[in-house]
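Here the structure comes first, spelled out in structure tokens, and everything after it is commentary.
Since we're looking at a predicted model, the values are computed, not measured. Chain naming here is simple, since letters A, B, ... match the order of the sequence lines and numbering starts at 1 in each.
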There are 2 protein chains.
Amino acid sequence: MSVKERREQEKKHRREQIINAAEKVVFEKGIEHVRMDEVAEIAQVSKGTLYLYFKSKMELALAIHLRGLKILLKQIASELSKPGKGIELIQRMSRCFFEFAEEHPHYFKLFVYYETIGIDIMQDVMDTSTMAECNKIGDEVFYYIVRAVQVGIQDGTIENSFNPHNVALQIMGSTRGLVQVSQFYEQGIFISPALSEANVDIESMFDLYFKLIIKSLRPEK
Amino acid sequence: MSVKERREQEKKHRREQIINAAEKVVFEKGIEHVRMDEVAEIAQVSKGTLYLYFKSKMELALAIHLRGLKILLKQIASELSKPGKGIELIQRMSRCFFEFAEEHPHYFKLFVYYETIGIDIMQDVMDTSTMAECNKIGDEVFYYIVRAVQVGIQDGTIENSFNPHNVALQIMGSTRGLVQVSQFYEQGIFISPALSEANVDIESMFDLYFKLIIKSLRPEK
DNA sequence: TCATAAAGTGACCAATAGTCAGTAAGATAT
DNA sequence: ATATCTTACTGACTATTGGTCACTTTATGA
């Protein structure tokens, strides 16, 4: 058995080594400009070997994204283990996304890429374990939000006629949307002249966002 | 001059003919599976000709997207020409997005694709007239929202301490996000079992969305 | 009728994701 | 120690497809 186990370890190590190489190239050149030949070269492995460990280029890139997701989930889980009112949990969680975007811009870029890309492109990767792991983390994040909403309904910081699952979707959606808009803003596309005239910057966008979320969720008296 | 004019007309016509062909293929097979050879064949034109009228595959696809944008803008403009309180205008505009998604699913798919794709892929198309037109329409939509917010502040249906540009960004962002989430939902990815248990469907998502928007924007007494 | 310009063509090129027949390493059996 | 078998690895090769360009066709006008 020791032989089999060692093999297992070596395989895992090799896999990580390949992901490391791919990550390096992706972070340097952007996911659009990655060639599998280059990844193979940097991983000191032949191109064929890449395809022993990953079904396709897509799965390899997804494996990088998974690393980012794990960081994000860990952060969210850590924030939500601290005590607090439901509405505060929501706020902390949203803040996790924004902090993730700031602290891990490379992973975040992948995050945006994958969360927004059409699924048809993902089709060939749907049945991989990498995809399954990504989905699992997505689910976990969603349920953290649902639970936070439920807590808020219990402790009276969130309107109790709302459906927690539905509210969780709204929060995921609006966070996602704002994060995208802020990306556009940072990249200078998109009406930026008018916005700077109007004294709108990323900071004030997030401020207003939090304000609106809280106001929209609070109980009607 | 008549000759030159006729040429101009013929060119425009040829261009439309190519976009028609491309649209047919894109709508049939999805933008990812379109080959320029096939477009050329269907347009009854040689491949080289495609590149006389469009800088790249991207610009051709963008020209299809532009058609969708024009439909959407027209719809929004029409809704906003009718009188109403500011907050109602906002609501109508949001509804335009959702209706657009339902009535023009193909254009809408392109819409999601383009609004979320990284700009690095768009780089080669940035200096085209097609891109300029798309941006112009994007700006117009944005300013429609800004104006609606300003109207709302005037008529007392929207909290007057808010910055209209900032609010407009929030609305664009959350609408965009919800629209994406609803897409995921419809495509069956994404936690759908739990949601159907919790009686959440597209309809109820949009209901809650409107409710939250209105609540978050209304004036504090 | 011929010269010039504009529009159009399609064989060709370049880039690159993915394959597969063959090789190497090393474990296992004799 | 040798032969055999298994597993991992290799890299030349194929297939696909976006884009190019030297050449042909068509139309205009002198």
Side-chain angles (χ1 to χ4, degrees), chain A residues 1-19 21-22 25-26 29-64 117 120-125 127-128 130, chain B residues 1-19 21-22 25-26 28-64 117 120-128 130:
Chain A
M1 260 311 155
S2 159
V3 168
K4 206 164 193 177
E5 275 172 17
R6 208 196 62 219
R7 284 250 167 103
E8 209 70 14
Q9 278 309 103
E10 276 171 1
K11 265 195 159 180
K12 208 170 262 177
H13 183 256
R14 189 66 133 218
R15 208 184 128 95
E16 287 305 307
Q17 177 186 347
I18 292 173
I19 301 178
V25 183
V26 169
K29 309 195 163 184
I31 190 166
E32 309 305 328
H33 303 110
V34 171
R35 280 172 305 109
M36 290 302 263
D37 288 284
E38 189 177 357
V39 172
E41 196 185 333
I42 289 182
Q44 289 178 300
V45 142
S46 81
K47 192 166 158 182
T49 301
L50 297 184
Y51 288 89
L52 292 176
Y53 289 86
F54 300 93
K55 188 179 181 186
S56 65
K57 185 182 178 180
M58 201 52 158
E59 193 195 351
L60 177 50
L62 199 62
I64 305 171
I117 208 168
D120 32 334
I121 313 177
M122 306 286 286
Q123 216 58 57
D124 72 306
V125 121
D127 60 349
T128 61
T130 313
Chain B
M1 258 311 155
S2 160
V3 168
K4 207 164 193 178
E5 276 172 16
R6 208 195 62 220
R7 282 249 168 104
E8 208 69 16
Q9 278 309 104
E10 275 171 4
K11 265 194 158 181
K12 209 171 260 179
H13 183 256
R14 190 66 134 216
R15 207 184 129 96
E16 288 304 309
Q17 176 187 349
I18 292 173
I19 301 178
V25 183
V26 168
E28 247 168 42
K29 309 197 163 182
I31 190 167
E32 310 305 326
H33 302 110
V34 171
R35 280 172 305 107
M36 291 301 264
D37 289 284
E38 190 177 356
V39 173
E41 197 185 331
I42 290 182
Q44 289 177 299
V45 142
S46 82
K47 193 165 153 182
T49 300
L50 297 184
Y51 288 89
L52 291 177
Y53 288 86
F54 299 93
K55 188 178 180 186
S56 65
K57 184 182 178 182
M58 201 53 157
E59 195 195 349
L60 176 49
L62 199 62
I64 305 171
I117 208 169
D120 32 336
I121 313 176
M122 306 286 287
Q123 215 57 57
D124 72 307
V125 121
M126 279 304 182
D127 60 348
T128 61
T130 313

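Positionally, the nearest nucleotide of DNA chain C for Val34(A) lies more toward the 5' end than for the other of Val34(A) and Gly48(A). Residue whose closest nucleotide on DNA chain D sits further toward the 5' end, between Gln44(A) and Asp37(A): Gln44(A).
Closest to the Leu52(B) side chain, of the nucleotides dG18(D), dG8(C), dT10(D), is dG8(C). When distances run from any side-chain atom of Ser56(A) to the nucleotides dG18(C), dC9(D), dG8(C), the shortest one goes to dG18(C). Looking at the side chain of Thr49(B), the nearest of the listed nucleotides dT9(C), dT16(C), dG18(C) is dT9(C). Taking only side-chain atoms of Tyr51(A), from C-beta outward, the nucleotide of dA7(C), dG18(C), dT10(D) with the closest atom is dG18(C). The listed nucleotides are dT16(C), dG19(D), dC9(D); the one nearest the side chain of Lys57(B) is dG19(D). Picking from dG18(D), dG11(D), dC9(D) the nucleotide with the shortest atom distance to the side chain of Met36(B) gives dG18(D).
The number of heavy atoms from other shown groups lying within 6.0 Å of CD (Glu10(A)) is above 12. For Gln44(A), the CD atom is loosely surrounded, since the number of other residues' heavy atoms within 6.0 Å does not exceed 12. Heavy atoms from other residues, nucleotides or ligands lying under 6.0 Å from CD of Glu32(B) number more than 12.
Atom CD1 in Ile18(A) sits roughly 13 Å away from atom P in dA8(D) (whole-Å rounding). Between the CG atom of Leu50(B) and the C1' atom of dG19(D) there is a distance of 11 Å, rounded to whole Å. Tyr53(B) has its OH atom 20 Å from the C1' atom of dG18(D), to the nearest Å. For Glu10(B) and dA6(C), the CD to C1' distance is 11 Å, given to the nearest whole Å. Atom NZ of Lys11(B) and atom P of dA6(C) are 9 Å apart (whole Å). Spacing between atom CZ of Arg35(B) and atom P of dT16(C) amounts to 20 Å, rounded to whole angstrom units. Atom NE2 of His13(A) is separated from atom P of dC9(D) by 12 Å (rounded to the nearest Å). Here dT10(D) presents its P atom at 13 Å from CD of Glu41(A), a figure rounded to the nearest Å.
Note on Arg14(B): a side-chain N or O is less than 4.0 Å away from OP1 or OP2 of dG8(C).
Contacts of Lys47(A) with the nucleic acid, taken as non-hydrogen atoms under 4.0 Å apart, include base atoms. Phe54(A) comes within contact range of no nucleotide atom at all, as no heavy-atom separation falls under 4.0 Å.
The closest side-chain heavy-atom distance from Tyr53(B) to Ile19(B) is not below 4.5 Å.
Considering every non-hydrogen atom in both Leu50(A) and Met36(A), the closest pair reads CD1-O, 3.4 Å.
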